[in-house]
Participant: 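Structure provided below as structure tokens; questions to follow.
In this text the structure is predicted, and so the values were computed from the model without any measurement.
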Amino acid sequence: MMLMKSMFQSVCVQGQCMELVLGGTAAVCAAFWTNPLEVVKIRMQLQGELQAKGNYAVHYRNVFHAAYTIATKEGATAIQKGLVPALWYQFVMNGIRLGLFHKGESRGFTKNGATGKVDPVRSVMVASVCGATGGVIGSPFCLVTVGHQHSASGMCAAVKSIFQSHGVLGLWRGMSTTLVRVVVVSAVQLPTFAKAREYVTSKGWFPEGSVINAFIASLLSGVLVSIAMAPLDLVSTRFYNQGVDAKGKGEDFFYSGGWGTGGIMTL
């Protein structure tokens, strides 16, 4: 995603494209290809929910088996369930998150004033604020996406149902979990990408501004993000999927801030 944004940037800088649109467009392009993995991931995250290991049926043994099972049992197109809200979520959340961060970079908010190099602490702070902003605004799309990827209702129908049952605030149910997730992901992804790109560029292995520099930085950043995000992503999915009562509260308070029954390794 960071790589694609860099590619779009190199093409559109002279055209003065808005950073929010660039970030969102890059995220949408990436999300189209990664949505099948999101579907599989959410199915596996919900498997054995609130049951100890060994006490539930294992429908999905691994990512490949899950993809095969979904495609054969529900049809080939099922692997792209929730694509529309997922693309909207990526466009809104990442458009804001990446766009604001780049603006911060261009204004020098992420650099050490004395050396002019990327400052890790300042980068983390700026990235966290950008992530929080994108997370809050994009939360309703994330809520609908999670519901789509394991059910068959349409996006508009889902939004209408939530609004009629729980009002406007119902669309932001579970926001606290996704907010923490996006803040942590942003604090890891954006600074490590910027620092890695700066390092690779300084070595002169490839021409300055080369897409390869961004590609290498994206690989490193992506690995670190995956490690940091996995537990928070599981918690966020469980929160969004939790049933609610007439007041919009979680039924039986299955998830109210505790660890649950699966043990720490289930994260």
Participant: If you take all heavy atoms of Gly131 and Val183, which pair is closest and at what distance?
Facilitator: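 Scanning both residues completely, I find the closest heavy atoms to be C-CG2, 4.4 Å.
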Participant: Are Val180 and Leu232 close enough that some pair of their side-chain heavy atoms sits under 4.5 Å apart?
Facilitator: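 Val180 vs Leu232: side chains touch.
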Participant: If I take atom SG from residue Cys130 and atom CD from residue Glu105, how far apart are they, to the nearest 0.5 angstrom?
Facilitator: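 Rounded to the nearest 0.5 Å, the SG-CD separation comes to 9.5 Å.
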Participant: May I ask you to test the Val182-Met93 pair for a side-chain heavy-atom distance under 4.5 Å?
Facilitator: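 Touching, per the 4.5 Å side-chain cut-off.
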Participant: For atom CE of Met125, is the number of surrounding heavy atoms from other residues, nucleotides or ligands below 6.0 Å larger than 12?
Facilitator: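 No.
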Participant: Identify the heavy atoms of Ser139 and Trp172 that sit nearest to each other, and give their distance.
Facilitator: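 For Ser139 versus Trp172, the nearest heavy atoms are CB-CD1, 3.8 Å.
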Participant: Consider only side-chain heavy atoms of I, L, V, M, F, W and Y, link residues closer than 4.5 Å, and tell whether Tyr89 and Val84 are in one cluster.
Facilitator: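 In one cluster with Tyr89: Val84, yes.
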Participant: Under a 3.5 Å distance rule, please check whether Glu38 uses its side chain to pair with a backbone N or O of Leu83 as donor and acceptor.
Facilitator: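 No, Glu38 side chain to Leu83 backbone: no donor-acceptor pair under 3.5 Å.
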Participant: Are Val92 and Phe163 connected into the same hydrophobic cluster when the rule is that any two of I, L, V, M, F, W, Y join if their side-chain heavy atoms are below 4.5 Å apart?
Facilitator: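 Shared cluster, yes.
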Participant: Between atom CD1 of Ile212 and atom OG1 of Thr201, what is the distance when rounded to the nearest 0.5 Å?
Facilitator: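 Between atom CD1 of Ile212 and atom OG1 of Thr201 there are 11.5 Å.
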Participant: How many angstroms lie between atom CD1 of Ile42 and atom CG of Leu37, to the nearest 0.5 angstrom?
Facilitator: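 The CG atom of Leu37 is 11.5 Å from CD1 of Ile42, to the nearest 0.5 Å.
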Participant: Check side-chain hydrogen bond (donor to acceptor under 3.5 Å, both in side chains) between Arg181 and all other residues, then give those that pass, not counting sequence neighbours.
Facilitator: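 By the side-chain hydrogen bond (donor to acceptor under 3.5 Å, both in side chains) rule, Arg181 matches Asp233.
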Participant: Parallel, tilted or perpendicular, judged at 30° and 60°: which one describes the rings of Trp205 and Tyr199?
Facilitator: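 If you compare the ring of Trp205 with that of Tyr199, the planes turn out perpendicular.
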Participant: Can you give me the closest heavy-atom contact between Ala27 and Asn94, atom names plus distance?
Facilitator: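 Taking every non-hydrogen atom into account, CB-CB, 3.5 Å.
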Participant: Under 4.5 Å between any side-chain heavy atoms of Lys195 and Ser123, yes or no?
Facilitator: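 Contact flag for Lys195/Ser123 side chains = no.
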Participant: Keeping the roles fixed (side chain from Ser221, backbone from Ala217), state whether a donor-acceptor pair exists under 3.5 Å.
Facilitator: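 Flag not set: sc Ser221 to bb Ala217 has no pair under 3.5 Å.
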Participant: Taking C-beta and beyond as the side chain, do His65 and Asn62 meet within less than 4.5 Å on heavy atoms?
Facilitator: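 Contact flag for His65/Asn62 side chains = yes.
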Participant: Same cluster or not: Ile227 versus Phe193, using hydrophobic residues (I, L, V, M, F, W, Y) connected whenever any side-chain heavy atoms lie under 4.5 Å apart?
Facilitator: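 Unlinked, Ile227 and Phe193 end up in two clusters.
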Participant: Quick one: closest heavy-atom pair of Ala31 and Leu87, and the distance?
Facilitator: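 Minimum heavy-atom separation between Ala31 and Leu87: CB-CD2, 3.8 Å.
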Participant: Go through the steps to decide whether Leu220 and Thr192 satisfy the test side chain to side chain contact (heavy atoms under 4.5 Å, CB included), and finish with yes or no.
Facilitator: CA-CA 8 Å; Leu220 175 60; Thr192 54; 5.6 Å; no
Participant: Identify the heavy atoms of Val188 and Ala228 that sit nearest to each other, and give their distance.
Facilitator: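 In terms of heavy atoms, the two residues are closest at CG2-CB, 4.0 Å.
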Participant: Cluster question for you: counting only ILVMFWY and a side-chain heavy-atom cut-off of under 4.5 Å, with indirect links fine, are Val185 and Val129 together?
Facilitator: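 Val185 and Val129: separate clusters.
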Participant: Any side-chain heavy atom of Thr110 within less than 4.5 Å of one from Phe101?
Facilitator: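 Touching, per the 4.5 Å side-chain cut-off.
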Participant: Tell me, do Tyr60 and Ile70 make a side-chain contact under 4.5 Å, heavy atoms counted?
Facilitator: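 A side-chain contact exists here, since the closest heavy-atom pair is under 4.5 Å.
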Participant: Taking all heavy atoms of Asn35 and all of Ala86, pick out the closest pair and write down the distance.
Facilitator: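 That closest heavy-atom pairing would be OD1-CB, 3.5 Å.
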Participant: Does any N or O in the side chain of Ser106 come within less than 3.5 Å of the main-chain N or O of Lys103, such that one atom is a donor and the other an acceptor?
Facilitator: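 Checking the backbone N and O of Lys103 against the side chain of Ser106, a donor-acceptor pair under 3.5 Å is found.
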Participant: Consider only side-chain heavy atoms of I, L, V, M, F, W and Y, link residues closer than 4.5 Å, and tell whether Leu171 and Ile137 are in one cluster.
Facilitator: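 Yes, one cluster joins them.
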Participant: Going by salt bridge (Lys or Arg N to Asp or Glu O under 4.0 Å), name the residues that satisfy it together with Glu74, two or more places apart in sequence or in a different chain.
Facilitator: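 Glu74 satisfies salt bridge (Lys or Arg N to Asp or Glu O under 4.0 Å) with Arg43, Lys81 once adjacent residues are dropped.
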Participant: Without hydrogens or angle criteria, can the side chains of Arg97 and Gln189 be said to hold a donor-acceptor pair below 3.5 Å?
Facilitator: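 The answer is yes; a qualifying pair exists.
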Participant: Rounded to the nearest 0.5 Å, how far does CD1 of Ile79 lie from OG1 of Thr69?
Facilitator: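 Rounded to the nearest 0.5 Å, the OG1-CD1 separation comes out at 9.5 Å.
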Participant: Roughly how far, to the nearest 0.5 Å, is the NZ atom of Lys111 from the CG atom of Asp119?
Facilitator: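 Answer rounded to 0.5 Å: 11.5 Å.
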Participant: Look up atom CZ in Phe206 and atom CG in Asn213, then write down how far apart they are to the nearest 0.5 Å.
Facilitator: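 Rounded to the nearest 0.5 Å, the CZ-CG separation comes to 7.0 Å.
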